[in-house]
Each structure stands twice: as structure tokens, then as C-alpha cells.
Amino acid sequence: MRLTRSFLPTLKETPAEAQIASHRLMLRAGLVRQTSAGIYAWLPLGLRVLRNIEQIVREEQDAAGAQEMLMPTLQSAELWEKSGRYEDYGKEMLRIVDRHDRRMLYGPTNEEMITDLLQGSIKSYRELPQILYHIQWKFRDEVRPRFGVMRGREFLMKDAYSFDLDYASAVVSYRKMMLAYMRTFQRIDLKAIPMVADTGPIGGDLSHEFIVLASTGESQVFYDGDFENIDWVNSEFDYEKSGDLDAFYNQMTSMYAATEEKHDLTAWSTVPKERKREGRGIEVGHIFYFGTRYSKAMGMSVAGPDGAQIIPEMGSYGIGVSRLVGAVIEAKHDEAGIIWPDAIAPYRASILNLKQGDATCDTICEDLYAKLGGNAIYDDRTDRAGVKFNDADLIGLPWQIIVGPRGAANGMVELKRRATGERAEVSLDSVLAKIN
RNA sequence: CGGAGCGUAGCGCAGUCUGGUAGCGCAUCAGUCUGGGGGACUGAGGGUCGUGGGUUCGAAUCCCGCCGCUCCGACCA
């Protein structure tokens with residue numbers, strides 16, 4: 001992407017409404033613009049990050065055996081009346097009336113819909129278990145939206161739903177999702193810790209929320225630092241081996257982790273001092289087992305081997321995809337701007353032409369840009385070097401290739417790593433080798 | 001939902017108390033000089049002062065209604 005032809009509106013000054021780092025930086029780096037309270041337009045650069053995160057979530061869901069589908073944003077009120085939540089959900093639910101006076105709503109979640117869908121098509125115990133998910137926009141009419149995309153009203157969420165024949169099988173699905181979550185967050189370079197949670201308006205009795213430490217978090221959290229040292233992505237756990245899932249789950253639950261409400265001082269005191277982690281936490285994911293609550297309400301049952309009807313045991317599993325963009329920035333930024341993890345960065349590198357119009361600099365930059373394919377932002381503006389350095393730091397791509405007349409004369413450029421600030425004079429070939 | 005505040009150029013703000021027909025910085029456009037961490041100079045463009053009504057010779061300014069946005073608290077993926 002050439003900056004002179006791109007819509008990447010960076011801001012030197014911070015808009016007055018942005019209170020926290022991630023919100024401030026998302027506006028300044030041209031990732032999003034607010035269009036109404038708690039509702040954001042994703043600009044080209046922000047969308048690329050959102051898509052990258054979405055893709056990691058998708059790959060890990062698929063790896064765990066979940067199947068992707070896509071349900072609508074608009075739902076019929078009737079569906080929710082069956083479960084009783086049409087009344088219970090209250091003002092958080094955005095209710096809409098269509099031209100025929102039919103009561104609709106903009107979905108805040110999809111338990112009713114998915115259950116109703118499967119109810120019509122799954123009739124035998126042989127067709128279970130199933131785990132289905134979709135990545136779709138949701139709307140919750142928060143009384144007080146704030147913190148940019150971290151607590152917007154409209155948000156992109158991955159929600160998965162499991163259907164099993166019995167409790168033991170439902171627990172297996174639950175553990176698969178938990179493992180998928182640990183892998184997902186690690187790939188996004190976040191330390192998200194599962195904590196036993198209250199089940200909230202969805203109901204149920206087995207529930208964990210995944211929390212990332214950040215000063216703007218909504219609640220105080222406590223956990224064992226050992227969580228941070230486990231490599232889930234390269235671990236040996238196999239989703240299809242129940243022994244592996246048991247071992248995984250035992251490992252998870254053997255380490256201390258709790259939100260304020262569930263904090264147990266006695267158990268906390270057994271954690272060695274150097275491993276204690278404490279601070280505010282942002283919830284980035286939540287998993288629930290809630291038994292037959294929705295299957296029963298929506299009239300879903302399957303024939304068992306003996307002909308008797310079985311009401312499936314369900315669970316649901318959410319990840320706040322758009323919220324993660326904010327959460328990552330909260331965790332990865334400095335005074336100058338964002339520091340994107342490699343896995344979700346919108347591009348790999350910025351190419352800074354420090355002297356646009358200088359034949360050597362231009363040639364080198366064009367050459368690098370062509371060879372990096374669609375993986376770089378080329379700052380081909382005629383602005384001064386300082387402007388380019390500041391914008392590059394703000395946007396926060398992992399690498400900066402600095403092309404100035406000094407080095408260019410010798411065929412050398414400077415390569416800077418955004419995260420560490422390290423710079424080195426290198427040849428063109430080695431730049432490409434390093435970045436591609 | 002309780003409490004508070006703000007709406008003036010793309011962004012950040014002054015002007016409102018004490019009414020006289022809109023200003024500053026940054027950004028934008030043209031040009032010149034510059035050229036390794038938001039450069040300098042010259043010139044230019046851009047505003048129904050959120051909106052509707054009222055008071056007044058005259059309203060960004062005073063009064064009333066409405067809308068939008070934000071902050072604190074309760075709530076919350």
C-alpha cells in the first residue's frame with residue numbers, strides 16, 4: 001500500500017473523547033472512526049487487523065473440530081419468547097419492528113437461533129456431538145458505551161455452540177474449546193487466563209472467562225504466573241484423545257486464577273510470591289456449559305439408541321474479536337504508538353523513503369515495495385523524515401525499512417524493529433530475507 | 001438508570017459571564033527554501049457557531065424545547 005494513494009488518516013492530536021490508550025491509538029493510527037455512540041466504522045488498516053485476528057480464531061476453532069456457519073444479525077422475537085429471554089434481556093436488547101409490525105431484534109447472541117436450527121435437522125443420537133460457530137456482528141445496547149471498541153454497542157464476536165448427548169460428552173466439548181482458546185490467545189500474543197466465572201444471564205454451572213491484564217480492565221483479577229509459561233500451541237495435546245484433554249484441564253485448574261468475586265485468600269496464599277500476578281482484567285472470551293436450558297426450551301431432542309428421546313446438553317463459547325483489537329493495543333503499545341504482534345499486524349513493514357525524489361532512494365524503495373508484494377506500507381509522501389518516523393511508530397508495523405540518501409549510495413538501508421527499537425544497517429537482500 | 005459536563009473549520013481549543021455579525025494552533029491548498037525524529041517563509045481556501053423556537057434594532061453569546069457526544073457511578077462479551 002502506497003501512502004500517497006491510501007486512506008490512512010492519522011491524527012497528530014488526540015480526539016477529546018478518547019480516554020484510554022487503545023482508543024486513542026486506534027483513532028490516531030486511522031484504524032477506526034466512531035459513527036455513533038459505541039458504534040465504529042473500521043477503516044482499511046483496522047479492518048486488516050480485525051481480519052487477521054478473525055482468521056486465527058477461525059483456524060483454531062476448525063482445528064478443535066468446530067464447523068463454521070453464518071447466522072443472521074436480525075432475529076425474530078418469537079424465537080426469544082420460547083426461551084423466555086425476550087423479556088429477561090431487558091433494555092440491552094435492540095428491538096426493531098418491521099413494516100409488517102413483526103417484532104424483530106438485533107441479535108446480542110445466538111443460543112435460541114442455533115438450537116432452533118439444529119432442532120429441525122438433527123433427530124438421531126448418531127448425529128451428535130456437534131460444535132458449530134460463526135463470526136458475526138452483535139449488538140448490545142449498553143447504557144454506557146466507552147473505551148472505544150473495547151466496550152462498544154456493536155461488536156464482532158465468535159460464538160460457538162456445542163450439542164452433546166450427555167454431561168460427560170458436554171464436558172469434553174467444553175475442554176476442547178478451552179484448549180482452542182488457550183492456543184488462540186497465545187497466537188495473538190496475549191496472555192489470557194481462564195478464571196472461574198459466574199454464569200450471568202445465560203445461566204449454567206460450568207463457566208470460565210478468559211482475562212487479559214490491563215489497567216483499564218473492568219475487574220480485579222489474581223492468578224498464578226505459571227500460566228504465562230506454558231506453550232499451548234506447541235504442546236502435545238490431541239483434541240481427539242480424552243486422556244490429553246483431561247491432562248490439559250487438570251493442568252489448567254491446578255493453577256490459581258480468580259476474579260475478585262471468586263477470590264480465595266487461603267488458596268492465594270499458597271501461591272509463591274514471585275508467581276503472583278494481580279491487576280485489572282479485560283474479558284476477551286467466555287465459555288459456558290448450561291445443560292439443557294435452551295434445548296429444552298426450543299423443543300430439541302434426538303432419538304437415543306433405545307428409542308427414547310434425549311435432550312442435548314449444550315454449551316456456548318464466545319470470543320470478542322473486535323474487543324481483542326483494543327485489548328492487544330492495551331497490552332502492546334508505548335508512548336509513540338502501537339506495537340503490533342507479528343501474527344496480527346496489518347502489514348509486515350513500513351518502507352520509509354526519507355528523500356522522495358532522490359533517484360537512488362526512489363529506486364530502492366520501489367524495488368523493495370515490489371518485492372514485498374502486498375506486505376508493506378510504502379511511505380512515498382514528500383513529507384520530512386520526522387513525520388514519517390512518527391507515523392510509522394504510531395501505526396506500529398513490526399518492521400521499518402528506512403531508506404535514506406546516506407546508506408542508499410552504498411546500497412544499504414536501515415532496518416528497525418518496532419518492538420525493541422533496534423536498528424541495523426543491512427543490505428537489500430538481507431532485508432527481504434528477514435521480512436518475507 | 002442516577003449525577004455532571006460539552007457541542008464554534010478536518011483535529012485541539014478561545015470567544016459566551018458583560019449581545020454589535022467569528023478567532024488561534026495544527027491540518028489542507030499554491031509557491032520558495034529545505035531534507036535522518038511532526039522544519040521555515042509567503043500567500044490562499046474552509047464555519048447554517050448541533051438544532052428548533054423565543055427575547056432584542058441586533059444572538060455563538062440571554063431564555064425554553066429537542067438532538068448528539070462525553071465523564072463519574074450502577075451494569076456489562
Side-chain angles (χ1 to χ4, degrees), chain A residues 9-20 23-24 27-28 30 33-39 57 89-93 107-111 135-160 181 192 197-202 207-212 217-219 259 281-288 316-327 335-337 352-358 361 379 381-394 400-408 413-414 416 421 423 425:
Chain A
T10 57
L11 264 29
K12 195 149 83 175
E13 288 174 282
T14 303
E17 72 268 18
Q19 299 298 310
I20 59 167
H23 190 193
R24 213 156 51 223
L27 292 170
R28 287 194 52 211
R33 285 288 120 98
Q34 177 166 300
T35 59
S36 304
I39 302 180
V57 170
Y89 224 92
K91 293 195 162 183
E92 301 263 295
M93 181 187 278
T109 176
N110 288 67
E111 281 82 6
I135 301 173
Q136 177 65 292
W137 291 92
K138 306 284 191 297
F139 195 92
R140 292 187 193 170
D141 200 358
E142 297 279 349
V143 203
R144 193 183 160 207
R146 64 182 120 171
F147 302 152
V149 300
M150 295 241 288
R151 180 129 171 241
R153 293 193 293 169
E154 187 182 52
F155 55 97
L156 187 64
M157 176 169 157
K158 183 284 302 180
D159 41 323
Y181 276 37
D198 278 325
T199 50
I202 291 179
S207 169
H208 284 84
E209 37 190 33
F210 292 75
I211 289 183
V212 174
E218 52 254 38
S219 57
T259 56
I282 305 170
E283 184 178 349
V284 291
H286 205 152
I287 59 179
F288 295 93
S316 77
Y317 315 90
I319 290 181
V321 176
S322 51
R323 169 179 279 196
L324 273 170
V325 178
E335 284 300 300
L352 310 193
N353 187 342
L354 295 192
K355 193 165 184 183
Q356 190 72 29
D358 176 276
C361 288
D379 193 340
R381 298 175 299 181
T382 53
D383 293 73
R384 299 176 69 86
V387 174
K388 300 190 179 196
F389 285 130
N390 283 317
D391 268 352
D393 285 347
L394 173 64
Q400 293 171 17
I401 307 170
I402 300 159
V403 181
R406 277 190 332 227
V413 298
E414 200 172 314
K416 173 180 163 184
R423 297 151 170 266
E425 283 271 318

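Because only heavy atoms are used, hydrogens play no part in the values below, and waters and symmetry mates are left out as well, while side chains stay in. Protein chains get the first letters and strands the later ones, always in sequence-line order, with residue 1 at the start of each.
- What separates CZ of A:F139 from P of B:C76 is a distance of 18 Å, to the nearest Å.
- Between A:R323 atom CZ and B:C76 atom P there is a gap of 12 Å when expressed in whole angstrom units.
- Contacts of A:K158 with the nucleic acid, taken as non-hydrogen atoms under 4.0 Å apart, are absent.
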With the criterion being N/O to N/O and under 3.5 Å, what pairs connect the protein with nucleotides 24-28 of chain B, and how long is each?
{"unit_1": "B:G25", "atom_1": "N2", "unit_2": "A:E13", "atom_2": "OE1", "d": "2.8"}
{"unit_1": "B:C26", "atom_1": "O3'", "unit_2": "A:K12", "atom_2": "NZ", "d": "3.4"}

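- If you take CZ of A:R151 and C1' of B:C76, they are 5 Å apart, rounded to a whole angstrom.
- Summarising the base pairing, B:U55 is matched to no nucleotide, lacking a Watson-Crick or G-U wobble pair whose two defining distances lie under 3.5 Å.
- Residue-level contact check: A:K91 touches the backbone only, with heavy atoms under 4.0 Å from sugar-phosphate atoms and none from bases.
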Polar-atom pairs under 3.5 Å, protein N or O versus N or O of nucleotides 40-45 of chain B: list them with distances, or write none.
none

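- Nearest heavy atom pair, residue A:E142 against residue A:R151, reads OE1-NH2, 3.2 Å.
- Using a 4.0 Å heavy-atom cutoff across all strands shown, A:G90 reaches no nucleic acid atom at all.
- B:C76 is unpaired under the Watson-Crick or G-U wobble criterion, no partner having all donor-acceptor distances under 3.5 Å.
- A:D393 is linked by a side-chain contact (heavy atoms from CB on, under 4.5 Å) to A:A336, A:Q400, A:K416, A:R418, counting only residues two or more places apart in sequence or in another chain.
- Taking A:T382 as the reference, A:Q356 meet the side-chain contact (heavy atoms from CB on, under 4.5 Å) condition, with sequence neighbours excluded.
- Among the heavy atoms of the strands lying under 4.0 Å from A:T382 is at least one base atom, whether or not backbone atoms are also near.
- In this view, A:V403 and A:I351, A:C361, A:I364, A:C365, A:L368, A:I401, A:V413 satisfy the side-chain contact (heavy atoms from CB on, under 4.5 Å) rule, not counting sequence neighbours.
- For B:C17, there is no paired base (Watson-Crick or G-U wobble, both distances below 3.5 Å).
- Between atom CD of residue A:E209 and atom CZ of residue A:F288 there is a gap of 8.0 Å, rounded to the nearest 0.5 Å.
- Straight-line distance between the C1' atoms of B:A60 and B:A9: roughly 14 Å, to the nearest whole Å.
- Partner assigned to B:C26 is B:G10, using Watson-Crick or G-U wobble distances below 3.5 angstrom.
- For A:F139, the ring-ring contact (aromatic ring centres under 6.0 Å, His included) criterion is met by A:Y106, not counting sequence neighbours.
- Not counting sequence neighbours, A:R24 has no partner by the salt bridge (charged side-chain N to carboxylate O under 4.0 Å, His left out) test.
- Judged by atom type and distance alone, A:Q356 does not reach the base of B:G35 through any side-chain donor-acceptor pair under 3.5 Å.
- Residue A:L11 contributes atom CG, which lies 15 Å from atom C1' of B:A9 at whole-angstrom precision.
- A:P108 approaches A:F155 most closely through the heavy-atom pair O-CZ, 4.5 Å.
- Residues A:G326 and A:V149 come closest through the heavy atom pair N-CG2, 4.0 Å.
- Distance check on atom C1': B:G37 versus B:C41 gives 22 Å, rounded to whole Å.
- When the ring-ring contact (aromatic ring centres under 6.0 Å, His included) test is applied to A:F210, the partners found at least two apart in sequence or on another chain are A:Y181, A:F185.
- Remark: B:G38 base-pairs with no nucleotide in the shown strands. Criterion, Watson-Crick or G-U wobble with two distances under 3.5 Å.
- Where A:V284 and A:R423 each meet RNA chain B at their nearest nucleotide, the meeting point lying more 5' is that of A:R423.
- Summarising the geometry, the separation between CG on A:D379 and P on B:G37 is reported as 15 Å, rounded to the nearest angstrom.
- In this structure, B:A60 makes no Watson-Crick or G-U wobble pair, since no nucleotide meets both defining distances under 3.5 angstrom.
- Across all strands shown, B:G5 is found opposite B:C69 as a Watson-Crick or G-U wobble partner, with both distances under 3.5 Å.
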Which pairs, protein N/O on one side and nucleotides 69-72 of chain B N/O on the other, fall under 3.5 Å?
{"unit_1": "B:C69", "atom_1": "OP1", "unit_2": "A:A37", "atom_2": "N", "d": "2.7"}
{"unit_1": "B:C69", "atom_1": "O3'", "unit_2": "A:Q34", "atom_2": "NE2", "d": "3.2"}
{"unit_1": "B:U70", "atom_1": "OP1", "unit_2": "A:Q34", "atom_2": "OE1", "d": "3.3"}
{"unit_1": "B:U70", "atom_1": "OP1", "unit_2": "A:Q34", "atom_2": "NE2", "d": "3.1"}
{"unit_1": "B:C72", "atom_1": "OP2", "unit_2": "A:R144", "atom_2": "NH1", "d": "3.2"}
{"unit_1": "B:C72", "atom_1": "OP2", "unit_2": "A:R144", "atom_2": "NH2", "d": "2.1"}

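- Residues forming a salt bridge (charged side-chain N to carboxylate O under 4.0 Å, His left out) with A:D141 (at least two apart in sequence, or on another chain): A:R153.
- Remark: A:E414 engages A:I402, A:R423, A:E425 in a side-chain contact (heavy atoms from CB on, under 4.5 Å) (not counting sequence neighbours).
- Residue A:L27 contributes atom CG, which lies 17 Å from atom P of B:G10 at whole-angstrom precision.
- Of the two residues contacting RNA chain B, namely A:L394 and A:L156, the nearest-nucleotide position lying further toward the 5' end is that of A:L394.
- Put simply, CD on A:Q400 is 11 Å from C1' on B:G37, counting in whole angstrom units.
- Within 4.0 Å of A:G318, counting heavy atoms only, lies no atom of the nucleic acid at all.
- As rounded to whole Å, 18 Å separates atom P of B:C75 from atom CG of A:D141.
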Can you give each donor-acceptor pair under 3.5 Å made by side-chain atoms of residues 11-19 of chain A, sequence neighbours left out, with the distance rounded to 0.1 Å?
{"unit_1": "A:Q19", "atom_1": "NE2", "unit_2": "A:A16", "atom_2": "O", "d": "3.4"}

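- Remark: B:U48 base-pairs with no nucleotide in the shown strands. Criterion, Watson-Crick or G-U wobble with two distances under 3.5 Å.
- Within 4.0 Å (heavy atoms only), A:D159 reaches no atom of the nucleic acid at all.
- B:U61 and B:G15 are spaced 9 Å apart, taking the C1' atom of each and rounding to whole Å.
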